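Comments concern the structure below.
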There are 2 protein chains.
Amino acid sequence: MTIEQLNNDESRVIILKAVADAMRLKIIRMLYYHGGEMNCGEIGEQLNIQKSTVSYHFRTLREAGLTTTRKIGQNKYVKLRLDTFATYLPGFLDTL
Amino acid sequence: MTIEQLNNDESRVIILKAVADAMRLKIIRMLYYHGGEMNCGEIGEQLNIQKSTVSYHFRTLREAGLTTTRKIGQNKYVKLRLDTFATYLPGFLDTL
DNA sequence: AAACTAGTTCTATGACAATCGAACAATTAA
DNA sequence: TTAATTGTTCGATTGTCATAGAACTAGTTT
């Protein structure tokens, strides 16, 4: 079940909930100001929480359609889906 | 304690959480498309939930700085604070 | 092959959120 | 002054969310 299959309000709520968390805001801000992709570990290091928790937040963002993930070897690279932000939260990233 | 006294991320999370709920999205949409102020009862009627629940959602929106309230006699009128939306969620209302 | 590294999944836990119904307060109408 | 109306607050319930730690998978290094 991906975000695109839900009706408008359901996906909107999922997206907003995904963004409505201090940790995930930090992750989004990092990704945005970094520009491109970031290693999951790289991000996790700066958050000072367990890797299982980091993984949980990445999943939440991915399932909300706010990020994409690419695996290379044992590393995973995450980047923001600017299209989703533009559709549901236009201008939001620039306020961070 | 009002939203303006908190640091940026704290208020951001409160605002986003306030918006990340299906009922409150409906309320916001109603207020936005109606244009001006609306009677609490008027809004509540269309939501099909108990008045105590409606009151709870109004408080959540107000404490997040997303609405203001004005009491006239026994009625209460609510309107959106467009300034808050513009600052934290620019363009968001137009996506609704 | 064995040890190491990067992430995920599972289970448990504590905190917080949404809802309801009942009691309450304040205003207006009869 | 008693009814009715409009909204708030309180207590209880149910559900969801964020976190941690342990066990696990997949890929890498030695």
Side-chain angles (χ1 to χ4, degrees), chain A residues 1-3 6 9-31 37-79, chain B residues 1-3 6 9-31 37-79:
Chain A
M1 175 70 84
T2 67
I3 199 81
L6 299 172
D9 261 26
E10 282 168 343
S11 36
R12 217 178 269 279
V13 170
I14 290 174
I15 288 167
L16 290 168
K17 274 189 201 303
V19 165
D21 177 89
M23 280 292 169
R24 290 191 292 268
L25 275 186
K26 286 186 193 175
I27 294 174
I28 291 167
R29 193 179 284 122
M30 259 189 260
L31 287 167
E37 294 178 314
M38 283 183 88
N39 191 320
C40 286
E42 249 180 295
I43 301 172
E45 269 172 29
Q46 315 198 31
L47 297 177
N48 228 40
I49 50 178
Q50 294 306 308
K51 60 183 183 168
S52 58
T53 306
V54 176
S55 185
Y56 162 72
H57 288 306
F58 283 143
R59 178 156 54 85
T60 303
L61 291 171
R62 180 168 19 86
E63 288 179 353
L66 292 173
T67 56
T68 51
T69 290
R70 196 162 66 98
K71 188 172 182 177
I72 300 182
Q74 71 205 118
N75 295 315
K76 241 171 170 181
Y77 294 91
V78 186
K79 74 173 168 206
Chain B
M1 176 71 86
T2 68
I3 199 81
L6 299 171
D9 261 25
E10 282 169 344
S11 37
R12 217 178 269 279
V13 170
I14 290 174
I15 288 167
L16 291 168
K17 275 189 200 299
V19 165
D21 176 89
M23 280 293 168
R24 290 191 293 268
L25 274 186
K26 286 185 193 175
I27 295 174
I28 291 167
R29 194 180 283 121
M30 258 189 261
L31 287 168
E37 294 178 312
M38 282 183 89
N39 190 320
C40 287
E42 250 180 293
I43 301 172
E45 271 172 28
Q46 315 197 32
L47 296 177
N48 229 39
I49 50 178
Q50 295 304 309
K51 61 182 182 167
S52 56
T53 307
V54 176
S55 184
Y56 163 72
H57 287 307
F58 282 143
R59 179 157 52 87
T60 304
L61 290 172
R62 181 167 19 86
E63 289 179 354
L66 292 173
T67 57
T68 51
T69 289
R70 195 162 67 97
K71 188 171 182 178
I72 301 183
Q74 71 205 119
N75 295 313
K76 238 169 172 181
Y77 295 90
V78 187
K79 74 175 170 205

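Residue numbering restarts at 1 for every chain, and letters A, B, ... go by the order of the sequence lines. On a predicted model such as this, the values are computed, not experimentally measured, just so you know.
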For this session: Measure the distance from CZ on A:F58 to C1' on D:dA18 and round it to the nearest whole Å.
Result: 15 Å
Problem set entry | Atom-to-atom span, CG of A:N39 to P of C:dT8 - whole angstrom | 11 Å
For this session: Only one of B:V78, B:I15, B:T60 passes side chain to side chain contact (heavy atoms under 4.5 Å, CB included) with B:L66; say which it is.
Result: B:I15
Exercise. When the distance from CZ of B:R70 to C1' of D:dT6 is rounded to whole Å, what number comes out?
Worked result: 16 Å
Problem set entry | NE2-CG distance between A:H57 and A:L47, expressed to the nearest 0.5 angstrom | 8.0 Å
Exercise. Between C:dG7 and A:R59, is there an OP1 or OP2 to side-chain N/O distance shorter than 4.0 Å?
Worked result: no
Exercise. What integer distance in Å separates A:I72:CD1 from C:dG7:C1'?
Worked result: 15 Å
For this session: Please tell me which of B:T69 and A:N48 maps to the more 5' nucleotide of DNA chain D, matching each residue to the nucleotide holding its nearest heavy atom.
Result: B:T69
For this session: Would you give the length of the straight line joining atom CG of B:N39 to atom CD of B:Q74, rounded to the nearest 0.5 angstrom?
Result: 9.5 Å
For this session: For A:R12 and B:R29, work out which heavy atoms get closest and say how close.
Result: NE-NH2, 4.2 Å
For this session: Rounded to the nearest angstrom, tell me the gap between atom CG in A:D21 and atom P in C:dA15.
Result: 17 Å
Seminar exercise, completed: On DNA chain C, more 5' by nearest nucleotide between A:R62 and B:K71 is A:R62
For this session: Report which part of the nucleic acid A:Y56 touches: base, sugar-phosphate, or nothing (heavy-atom distance under 4.0 Å, all strands).
Result: base
Exercise. Can you tell me if the side-chain N/O atoms of A:S55 get under 4.0 Å from OP1 or OP2 in C:dT8?
Worked result: yes
Exercise. Can you find a side chain N or O atom of A:N75 that sits less than 4.0 Å from OP1 or OP2 on D:dA26?
Worked result: no
Problem set entry | Any strand: nucleotide that pairs with C:dA3 via Watson-Crick or wobble, under 3.5 Å | D:dT28
For this session: Rounded to the nearest angstrom, tell me the gap between atom CD1 in B:I27 and atom P in C:dA18.
Result: 11 Å
For this session: Of all the heavy-atom pairs spanning A:T67 and A:F58, show the shortest one and how long it is.
Result: OG1-O, 4.3 Å
Exercise. Of the nucleotides D:dG7, D:dA22, C:dA18, which one has an atom closest to the side chain of B:H57?
Worked result: C:dA18
Exercise. Only one of A:T53, A:I49, A:I28, A:N48 clears side chain to side chain contact (heavy atoms under 4.5 Å, CB included) with A:M23; which?
Worked result: A:I49
Exercise. Is the shortest side-chain N/O distance from B:K76 to OP1 or OP2 of D:dT8 below 4.0 Å?
Worked result: yes
For this session: Examine the base of C:dT5 for any acceptor or donor lying under 3.5 Å from a partner atom in the side chain of A:Q74, and report the outcome as yes or no.
Result: yes
For this session: Rounded off to whole Å, could you give me the CD-to-P distance for the B:Q50 and D:dG11 pair?
Result: 19 Å
Problem set entry | Base-pairing assignment for C:dT11 (Watson-Crick or G-U wobble, both under 3.5 Å) | D:dA20
For this session: Examine D:dA20: is either OP1 or OP2 under 4.0 Å from a nitrogen or oxygen in the side chain of A:T53? Give yes or no.
Result: yes
For this session: Could you check if the base of C:dA3 is syn or anti? Syn means the glycosidic torsion is within 90 degrees of 0.
Result: anti
Exercise. Between A:E63 (CD) and D:dA18 (P), how many Å, whole number?
Worked result: 12 Å
For this session: Return yes if the base of D:dG7 and the side-chain atoms of B:K51 contain a donor-acceptor N/O pair under 3.5 Å, otherwise no.
Result: yes
